[in-house]
Protein chains: 2
Amino acid sequence: MELTTQQEKVLSALRKAKKPLSAYAVLDALRTQGVRSPPIVYRALEKLQGAGLVHRVESLGAFVACRHTHGKGPDGIHAFAICSQCGAVEELCAPSLAKSLGRKSGGLLAEINHSMLEISGLCHGCVRGACAKKNTKKGSGACSQ
Amino acid sequence: MELTTQQEKVLSALRKAKKPLSAYAVLDALRTQGVRSPPIVYRALEKLQGAGLVHRVESLGAFVACRHTHGKGPDGIHAFAICSQCGAVEELCAPSLAKSLGRKSGGLLAEINHSMLEISGLCHGCVRGACAKKNTKKGSGACSQ
DNA sequence: GCTGTTATGTTATAACGTAACAAGATGGGA
DNA sequence: TCCCATCTTGTTACGTTATAACATAACAGC
Ligand SMILES: [Zn+2]
Ligand SMILES: [Zn+2]
Ligand SMILES: [Zn+2]
Ligand SMILES: [Zn+2]
């Protein structure tokens, strides 16, 4: 896919960050580059998500750049492990899960478009007391585990 | 667990609804019963979630009353199938998934507290064109599949 | 030129969530 | 009884996240 200027900027900001960024954190990061208003960020995020280049981590209300190459098919599952203390996030590869979802989806769904799995807990570093506490602001400081 | 008056009200509102309600929809539903401000609803929701009586559907930013009896253990997984068109939701029973999560959590997490799986797509009714479109407001009209 | 389409841009507002404080209730111990 | 600690409940105000609505620019094809 051909990215527009704004989409490039947003993707680049997410790639630089070491943890998920809220849309407004992206906005702040891009103010120096002329990005001024929420809709610009949200529109770019929407396209990037559609292209599979960015995911939204639902339980955080934040966005990450994808480091994988998904099939981009409708049945790809997006899975994240999240440390609830320091905010570290890891995108998991769980293709095998996707297959079982058709059966798991119970009686309701006729077709599946999108699946997400989010597992939260404490990372090894936080259990050892070696991580900084969750950074509330956009600062990119993440956890070294 | 012993529920307080407000918790009873909130739980009851969620049980009556045929689809997930946002916190503010709960608030609106309970205005006639003297509930006036967001923190009351959020505090009740927090307790109810802790007791496993209510879940938050992350991708909708909305809450549902649980119809199951979970183990309430920390490793219970909450799974939902969601129709993205009409808003119908079904809570799935996926205990077997929970077991595999320890392995799936990759290198990051040392311990798991909470897991959520959300599968969205189109329900049978929407595929057939038999469902009403998603109701934006609190109206309880859901999908008959 | 004109027209349709896509991308940008701005303002304002809706929707979701929480911090901080005030007021009442409860329950000892001096 | 009175004071004080503590817990719960309630309210105001605020912070954060997301979108509606409208306006403009840029470009392609005719
Ligand atoms: Zn990915
Ligand atoms: Zn951590
Ligand atoms: Zn449940
Ligand atoms: Zn439907």
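The chains referred to below are lettered A, B, ... by the order of the sequence lines, with proteins before strands, and numbering in each begins at 1. Just so you know, these numbers come straight off a predicted model, no measurement behind them.
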Just say parallel, tilted or perpendicular for the rings of A:His55 and A:Phe80, cut-offs at 30° and 60°.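 Rings of A:His55 and A:Phe80: perpendicular, as their planes differ by over 60°.
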Over 60° means perpendicular and under 30° means parallel, so classify the ring planes of A:His114 and A:His78, tilted if in between.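 If you compare the ring of A:His78 with that of A:His114, the planes turn out tilted.
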Could you state the [atom1]-[atom2] distance from [X] to [N], rounded to the nearest angstrom?
X	N	atom1	atom2	value
A:Arg31	C:dT10	CZ	C1'	13 Å
B:Leu21	C:dC16	CG	C1'	14 Å
B:Leu60	C:dA15	CG	P	16 Å
A:Gln33	C:dT8	CD	P	14 Å
A:Leu48	C:dA7	CG	C1'	14 Å
A:Leu27	C:dT10	CG	C1'	13 Å
A:Asp28	D:dG15	CG	P	14 Å
A:Tyr42	C:dT13	OH	P	18 Å

If the sugar-phosphate is the primed atoms plus P, OP1 and OP2 and the base is the rest, what is the B/S/- string for nucleotides 7-13 of chain D, using protein heavy atoms under 4.0 Å? --SBBB-
For residues B:Ser59 and B:Glu118, is any side-chain donor paired with an opposing acceptor at under 3.5 Å?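 Side chains of B:Ser59 and B:Glu118: pair found under 3.5 Å.
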Check: A:Ile82 and B:Leu109 side chains under 4.5 Å, non-hydrogen atoms: no
Would you please name every residue forming a salt bridge (charged side-chain N to carboxylate O under 4.0 Å, His left out) with A:Arg31, sequence neighbours left out?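 Here the qualifying residues are A:Asp28.
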Trace of the side chain to side chain contact (heavy atoms under 4.5 Å, CB included) decision for A:Ile112 with B:Ser120: CA-CA 6 Å; A:Ile112 294 177; B:Ser120 73; over 6 Å; no
